[in-house]
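First up is the structure itself, then whatever we jot down about it.
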Amino acid sequence: MAGLITMDDLSNEEIISILDDAERLLPVAKGDLYLPLLQGKILGNLFFEPSTRTRMSFETAMKRLGGDVVNLGDVKTSSVVKGETLFDTIQMVDGYTDIIAMRHPRQGAARYAQDAAQVPILNGGDGAGHHPTQTMLDLFTIRQSHGKLENLKVVLAGDLRYGRTVHSLSHALIRFGCEIVLASPDLLRMPKEIVEDLVAHGAKVTETTDLYGNLDSADVVYMTRIQKERFADEDEYVKVAGAYKLDASHLDGCKSEMIVMHPLPRVDEIHPSVDVTRHAKYFEQAFNGVVARMALLCRLLGVTVPEKVGGEA
Ligand code: CP
């Protein structure tokens, strides 16, 4: 594999195989077992946009597997402020590292970086484009809870216009026969070309502004933050801020096995009263970022995860 820029870079078989690898790596992700599969390898973390989970879970994943990490650090203290281009930065980090995890505010930046690099690029989010490593941890979490990925009803809610996590996730879910409900304010609807693509692939897709009326039949409710930083006009943001606020009382009629997910950070779209319900999965989901990224790092670096981890071979 070259890199992971969008979910189109992975076949369904590869997705399942990476999720299987991730499952076997769980004791390593938890720190119960040390397995230095990536000893001698260096990850370059290039985050041109803020991140807590993606950056830190990549770093944890690499270190749990015995590898090392170099960070661009704060963009303000890097040579980016002197005018260095993305192309030149990538050319250089390509020489320093074996693999690069990258986040950039510009849609398409990860693809551009892959064209400039010899080492694999893992897209950790490109503007309002894609976030495929998030999708892998989302799929891991869904499979962990439901025992399968196939034929689930998934409600994607909130900012579907700018939210890159739901762009990548929706593409992946329909490949496993999931039904998708897209719940958003009109202003934040899923881009038309994505909806058309989902439908062209035979998916059952419903667009609605009604989140709460779609909770009872859902297997997964995936909430997202309204991406204030991507609005050109603050007045437009104010019109949709606080559009959905899920609290525990909304979950009374839900299926017992329904899970509430969120890529985090949250603002006000999930009330803390949900945290103590059996449905809340978002903190486990965030932890799963470590194990999913461990499996992805191994796969892209051509390192095989043993069939038995921590037991007899
Ligand atoms: N889920 C996610 O991408 O979180 P961060 O922005 O903290 O990396």
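Whatever order the structure lists ligands and atoms in, that order sets their numbers, starting from 1.
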Closer than 4.0 angstrom: is that true for some heavy atom of Glu49 and an atom of ligand 1?
no

Leu264 versus Thr52: any side-chain heavy-atom pair under 4.5 Å?
no

When you look for heavy atoms under 4.0 Å from ligand 1, do you find them on the side chain of Thr165, its backbone, both, or neither?
neither

Interfacing atoms of ligand 1 (cut-off 4.0 Å, heavy-atom, Gln134)
1 (N), 2 (C), 3 (O)

Write out the residue and atom name of the closest protein heavy atom to atom 6 (O) of ligand 1, then the distance separating them to 0.1 Å.
Arg103 NH1, 2.9 Å

Is the ring pair Tyr212/His250 parallel, tilted or perpendicular, if the boundaries are 30 and 60 degrees?
parallel

Evaluate Leu65 against Cys298 for side-chain contact (heavy atoms from CB on, under 4.5 Å), listing each step before the verdict.
CA-CA 9 Å; Leu65 289 168; Cys298 288; 3.8 Å; yes

Looking only at distances, please establish whether an N/O atom of ligand 1 is found under 3.5 Å from an N/O atom of His131.
yes

Can you tell me how far CG of Leu149 sits from CG of Leu173, rounded to the nearest 0.5 angstrom?
8.0 Å

Pairwise distance CG(Leu156) to CE(Met261) - rounded to 0.5 angstrom:
10.0 Å

Measure the distance from atom 4 (O) of ligand 1 to every protein heavy atom, then report the residue, atom name and distance (to 0.1 Å) of the closest one.
Arg53 NE, 3.1 Å

Atom 1 (N) of ligand 1 [closest protein heavy-atom partner, distance rounded to 0.1 Å]:
Pro263 O, 2.8 Å

